[in-house]
There are 2 protein chains.
Amino acid sequence: MARRKVGNLMALAVLSVLVQRPMHPYEMASMLRARGKEADMGIKWGSLYTVVRNMEKHGLIEAVETVRQGARPERTIYRITDDGRAEMVDWVRELISVPERERTRFQAGLSVLAALAPDEVERLLRQRLALLEEETDDKRAAHERHSGEMPRLFLIENEYELALLDAELTWVRALLDELGAGTFAGIEVWRRFHETGELPAELAEMAERGSVKD
Amino acid sequence: MARRKVGNLMALAVLSVLVQRPMHPYEMASMLRARGKEADMGIKWGSLYTVVRNMEKHGLIEAVETVRQGARPERTIYRITDDGRAEMVDWVRELISVPERERTRFQAGLSVLAALAPDEVERLLRQRLALLEEETDDKRAAHERHSGEMPRLFLIENEYELALLDAELTWVRALLDELGAGTFAGIEVWRRFHETGELPAELAEMAERGSVKD
DNA sequence: ACCTCCTTACTCGTTGACGAGTATACGTCT
DNA sequence: AGACGTATACTCGTCAACGAGTAAGGAGGT
């Protein structure tokens, strides 16, 4: 974030549409929406004008003209600069070549899983599984529809997403199996802890030491 | 974020240590650091005091006492409230049961992959693969070391992370194979586009329509 | 002829995240 | 005994992100 002049990924999205032709912000939004980029990147439209203004300030884009249609608000049309083009390419290079650990909220949840009883966890995971399956089916269907009409290059991010979704599905199913069958190591201690309300001596000591994980 | 009184996941981390016993902020930080939670959740220490103040304001925690040791700055000791306990449990429930689409930066990169030439992509992916392998090996080693001394319940988030890392590794390797062998569908059009600098008619039209993806 | 609702096209204010800074105490190496 | 680093324990200012608000044009119904 310190390195990029404009850190928000929406800036990359903006660059990627302006590289085709100059546009005003609202049109960028429509383009991105039409292409489904809002789904691929985590785009919040509230940030659009802030980001565009910042990009102009840093010379990644520049205003070409401002036109007014009737009594509508003015529209400023922007075009990408050479700096902008360079920034885009360099940014993509980095995103592809440098893996960055990004924890999901699910992982955060898992890391405090002991706050819930095993039976409840089983129930919640089943809910997750159902939602996950639905989402995956939708995504896969959409992907198959599109792969008839578009080159694979433009759908590659969906392939990746589907691969990760599959991996999560598999993992959750496996965990559910173990919980259901009672083969999850330590499930008895875990269950008792939640029934009696107090945690067994071994765990208490571990919690206090805490530093086992270095 | 609107629903949670304090949206930052660091708040969950704070709750999870305060549930054991009252503590002052700096000690929370040490605890979390010692347990490796900073890795599991994406924790930035700059936010700690802001978050703690917010949590107090919203009644999730409350100050017990402020002590002073010698000439050191005052330390305020906080304890978790009943509301805090309830919030924690409810939060974990949500994190576990409701899958939330979170796009990675890599996915964002993939969605503008056309900005780079196929040969460069191949090179960059190989770099990614190497870093990814290194990271995975480290993580797996650490996990195996710990699984001797700690109950599985407290390592479950690492299992999940490793599963996702494996999935990414597999996917990247497969893509690299296709790029290397030249069997990636449309790679010729892609390569020519970068050699000549202009995109073929079919793609130009598609870019303009744009809306194929709805 | 009027009403209503959706789309177009932004503006603005709030909030919270976070980096960087600060200052003292303590241990330890020389 | 002095110096140097490291741990303790925060404070503050900035800045981007975003939700919610605004307001006119146009389409379609009655």
Side-chain angles (χ1 to χ4, degrees), chain A residues 1-14 17 22-34 38 41-58 60 63 65-78 102-103 105 108 211 214, chain B residues 1-14 17 22-34 38 41-58 60-61 63-78 102-103 105 108 211 214:
Chain A
M1 246 140 246
R3 283 208 21 266
R4 300 280 156 207
K5 337 188 137 201
V6 181
N8 196 330
L9 275 180
M10 168 136 51
L12 184 63
V14 167
V17 289
M23 246 175 259
H24 58 95
Y26 192 84
E27 196 183 357
M28 302 173 199
S30 324
M31 272 263 131
L32 290 169
R33 233 180 266 131
E38 50 176 349
M41 309 169 157
I43 280 184
K44 314 294 164 79
W45 298 116
S47 320
L48 177 60
Y49 291 86
T50 314
V51 166
V52 165
R53 217 170 303 130
N54 268 339
M55 293 173 74
E56 190 186 12
K57 200 174 72 189
H58 289 289
L60 302 179
E65 52 171 345
T66 64
V67 296
R68 170 180 292 262
Q69 268 193 6
R72 297 246 194 107
E74 266 190 359
R75 300 176 311 177
T76 305
I77 297 186
Y78 294 92
E102 301 162 273
R103 330 286 159 178
R105 326 195 88 232
S211 52
D214 298 315
Chain B
M1 249 141 245
R3 284 209 22 267
R4 300 281 155 207
K5 338 187 136 204
V6 181
N8 196 327
L9 275 179
M10 169 135 51
L12 184 63
V14 167
V17 289
M23 248 176 257
H24 57 95
Y26 192 85
E27 196 183 357
M28 303 174 199
S30 324
M31 272 262 131
L32 290 169
R33 232 179 267 133
E38 49 176 350
M41 309 167 158
I43 280 184
K44 314 292 163 81
W45 297 116
S47 320
L48 178 61
Y49 290 86
T50 314
V51 166
V52 165
R53 218 171 300 127
N54 269 338
M55 294 173 74
E56 190 186 11
K57 200 172 72 191
H58 290 289
L60 302 179
I61 61 178
V64 184
E65 52 172 345
T66 64
V67 295
R68 171 180 290 264
Q69 267 194 7
R72 298 247 193 107
E74 265 192 359
R75 299 175 312 177
T76 305
I77 297 186
Y78 294 93
E102 302 162 272
R103 331 282 159 181
R105 327 195 87 229
S211 52
D214 297 316

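Here is how names work: the chains are called A, B, and so on, in the same order as the sequence lines, proteins then strands, and each is numbered from 1.
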* In whole angstrom, what separates A:R53's CZ from C:dT11's P? -> 6 Å

* Interatomic distance, A:Y49 OH vs C:dC12 P [rounded to whole Å] -> 13 Å

* Roughly how far, to the nearest 0.5 Å, is CE of A:M31 from CD of A:E27? -> 6.0 Å

* May I have the distance from B:M23 (atom CE) to D:dC10 (atom C1'), rounded to whole angstrom? => 18 Å

* For A:H24 and C:dT8, is the shortest distance between a side-chain N/O and OP1 or OP2 below 4.0 Å? -> no

* Rounded off to whole Å, could you give me the CG-to-C1' distance for the B:L32 and D:dA9 pair? => 16 Å

* To do: Quick one: pull up CD in B:E56 and CG in B:L60 and give me the separation to the nearest 0.5 Å.
  => 10.5 Å

* **Contacts of A:A13 that satisfy side chain to side chain contact (heavy atoms under 4.5 Å, CB included) - sequence neighbours left out** => A:L32, A:M41, A:I43

* Structure fact -> Closest to the side chain of B:R75, out of C:dC10, C:dT11, D:dA9, is D:dA9

* How does protein contact run along nucleotides 15-20 of chain D, one letter per nucleotide 5' to 3', with B for base contact, S for sugar-phosphate only, - for none, heavy atoms under 4.0 Å? -> -SSBB-

* Any residue meeting side chain to side chain contact (heavy atoms under 4.5 Å, CB included) with B:S30, in chain and number order, not counting sequence neighbours -> B:Y26

* Asked: How long is the gap from CE on A:M55 to CG on A:L12, to the nearest 0.5 Å?
  -> 8.5 Å

* Between C:dC10 (C1') and A:M28 (CE): distance, integer Å -> 13 Å

* Residue-phosphate contact under 4.0 Å: A:Y26 side-chain N/O, C:dT8 OP1/OP2 -> yes

* **Interatomic distance where CD belongs to A:E27 and P belongs to C:dT7 [whole Å]** => 17 Å

* Asked: Would you say A:H24 and A:I77 make side-chain contact, with heavy atoms under 4.5 Å?
  -> yes

